[in-house]
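I have placed the structure first, in the form of structure tokens, so that the comments after it can refer back to it.
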Amino acid sequence: MNIFRLAGDMTHLASVLVLLLKIHTIKSCAGVSLKTQELYALVFACRYLDIFTNYVSLYNTIMKLIFLGSSFSIVWYMRYHKVVRRSYDKDQDTFRHYFLVLPCLVLALLINEKFTFKEVMWTFSLYLEAVAILPQLVLLQRTRNIDNLTGQYVFLLGAYRGLYILNWIYRYFTEPHFVHWITWISGLVQTLLYADFFYYYFQSWKNNQKLHLPA
């Protein structure tokens with residue numbers, strides 16, 4: 001554990017809390033992609049298969065439970081809550097997210113550190129997380145008018161990954177033999193996908209304007 005890893009975890013947690021705050025208090029999921037949320041639920045389900053068999057620390061277990069519980073709760077709210085589901089913009093959220101799942105699974109079967117079920121599922125979760133934000137970014141480009149909480153949620157998600165890259169750089173220079181190419185490349189791809197959003201997010205913040213993305 002180091003300051004970058006802790007900051008990344010807390011930023012990731014903050015992104016989830018912001019989204020849950022919006023859904024639970026405002027009773028709205030407008031501007032939120034159900035497709036992205038379903039992909040994240042699949043990511044955490046595959047990544048944390050070892051939650052009851054591989055104990056690392058209390059902190060690690062609690063964080064796993066939080067991300068598993070929150071991701072499936074968000075999907076439930078958007079699909080089944082009698083009020084929240086009415087605000088879901090199904091007509092705009094049309095990215096065919098299942099087209100991302102199979103290529104990521106095939107890639108995980110071909111490129112992994114160890115060919116075991118848990119390792120392949122863990123690798124699959126890395127590849128899928130790298131592109132899971134795509135439906136959300138496409139939805140934001142289509143709707144263009146982005147509310148503050150949704151913008152903050154996406155910004156925090158991108159910031160979490162950026163902080164993790166700093167964590168890897170720190171560990172590379174402070175820990176011997178710390179080399180994880182699959183994790184690094186997946187994380188870099190994921191961060192690059194946020195580049196355009198970050199630009200417009202900081203432009204809106206600097207000019208004190210509402211966030212808009214170009215179509």
Side-chain angles (χ1 to χ4, degrees), residues 1-16 35-72 97 99-137 153-198:
M1 181 64 70
N2 58 70
I3 188 63
F4 301 113
R5 166 72 185 274
L6 181 61
D9 286 347
M10 293 302 103
T11 304
H12 195 184
L13 181 59
S15 72
V16 173
K35 308 294 179 66
T36 283
Q37 299 308 316
E38 289 175 339
L39 291 177
Y40 278 130
L42 181 58
V43 164
F44 295 129
C46 293
R47 182 171 301 172
Y48 300 145
L49 289 172
D50 64 346
I51 187 170
F52 297 114
T53 60
N54 185 25
Y55 180 81
V56 178
S57 66
L58 180 62
Y59 171 84
N60 182 269
T61 301
I62 289 174
M63 294 300 281
K64 288 179 178 179
L65 289 171
I66 288 174
F67 290 124
L68 277 169
S70 61
S71 61
F72 281 96
H97 61 322
F99 284 163
L100 299 174
V101 176
L102 184 57
C104 289
L105 180 58
V106 171
L107 190 60
L109 289 168
L110 296 174
I111 304 175
N112 53 72
E113 293 184 359
K114 188 178 181 182
F115 194 74
T116 64
F117 177 73
K118 286 185 179 179
E119 187 67 28
V120 169
M121 288 297 98
W122 180 80
T123 306
F124 165 65
S125 77
L126 291 178
Y127 295 151
L128 189 59
E129 185 184 16
V131 295
I133 196 62
L134 280 173
Q136 180 65 66
L137 294 176
Y153 163 68
V154 177
F155 171 77
L156 288 168
L157 268 182
Y160 132 72
R161 182 47 67 189
L163 287 165
Y164 256 60
I165 289 178
L166 293 178
N167 160 59
W168 297 331
I169 294 172
Y170 174 83
R171 293 183 65 182
Y172 178 79
F173 287 106
T174 58
E175 298 179 20
H177 312 298
F178 181 74
V179 178
H180 296 284
W181 289 108
I182 292 175
T183 306
W184 294 351
I185 294 173
S186 299
L188 181 60
V189 169
Q190 184 179 357
T191 306
L192 290 174
L193 290 177
Y194 287 91
D196 192 56
F197 175 86
F198 282 154

Kindly say whether A132 contributes a backbone atom to a donor-acceptor pair with the side chain of T36 at under 3.5 angstrom?
yes
K64 versus D50, closest heavy-atom pair with distance:
NZ-OD1, 3.2 Å
Would you please classify the geometry between the Y48 ring and the F44 ring as parallel, tilted or perpendicular, with 30° and 60° separating the classes?
parallel
When rounded to the nearest 0.5 Å, the distance separating OG1 of T11 from CZ of R161 is 12.0 Å
For A41 versus S71, what's the shortest heavy-atom pair and its separation?
CA-OG, 3.7 Å
Would you mind reporting whether F124 and L109 have side-chain heavy atoms less than 4.5 Å apart?
no
So CG of L134 and NZ of K35: to nearest 0.5 Å the spacing works out to 13.0 Å
Are side-chain heavy atoms of W184 and I165 found at a separation under 4.5 Å?
no
Could you go through Y164 and H12, starting from their C-alpha distance and side-chain angles, then the distance that decides it, and tell me whether this counts as ring-ring contact (aromatic ring centres under 6.0 Å, His included)?
CA-CA 10 Å; Y164 256 60; H12 195 184; 7.9 Å; no
Would you call W168 and F178 a side-chain contact if the rule is heavy atoms closer than 4.5 Å?
yes
Calculate, to the nearest 0.5 Å, the distance between atoms CG and CE belonging to N112 and M121 respectively.
10.0 Å
Determine the interplanar angle of the Y194 and F198 rings, folded into 0 to 90°, and report it as parallel if under 30°, tilted if 30 to 60°, perpendicular if over 60°.
parallel
Does a side-chain heavy-atom distance below 4.5 Å link Y127 with I111?
yes
Distance (rounded to the nearest 0.5 Å) between L105 CG and T123 OG1:
11.0 Å
Whether over 12 other heavy atoms sit under 6.0 Å from Y59 OH:
yes
Main-chain N/O of L163 paired with N167 side-chain donor or acceptor, under 3.5 Å:
no
Determine whether more than 12 heavy atoms belonging to other residues, nucleotides or ligands lie under 6.0 Å from atom CZ of F115.
no
Check whether any side-chain heavy atom of F117 lies under 4.5 Å from a side-chain heavy atom of L49, and answer yes or no.
yes
May I ask you to test the H97-V101 pair for a side-chain heavy-atom distance under 4.5 Å?
no
When every non-hydrogen atom of P103 is compared with those of F99, the smallest separation belongs to CD-O, 3.0 Å
Of all heavy-atom pairs between L137 and L193, which one has the smallest distance, and what is that distance?
CD1-O, 3.3 Å
Quick check: do L39 and V131 have side-chain heavy atoms less than 4.5 Å from each other?
no
Indicate yes or no for a side-chain donor-acceptor contact from D9 to the backbone of L6 under 3.5 Å, with no hydrogens or angles considered.
no
How about L157 and Y40: do any of their side-chain heavy atoms sit closer than 4.5 Å?
yes
Nearest 0.5 Å, what's the OG1-OH distance between T191 and Y160?
9.0 Å
Does any N or O in the side chain of N2 come within less than 3.5 Å of the main-chain N or O of R5, such that one atom is a donor and the other an acceptor?
yes
Working to the nearest 0.5 Å, report the span between CD1 of I62 and CG of L13.
11.0 Å
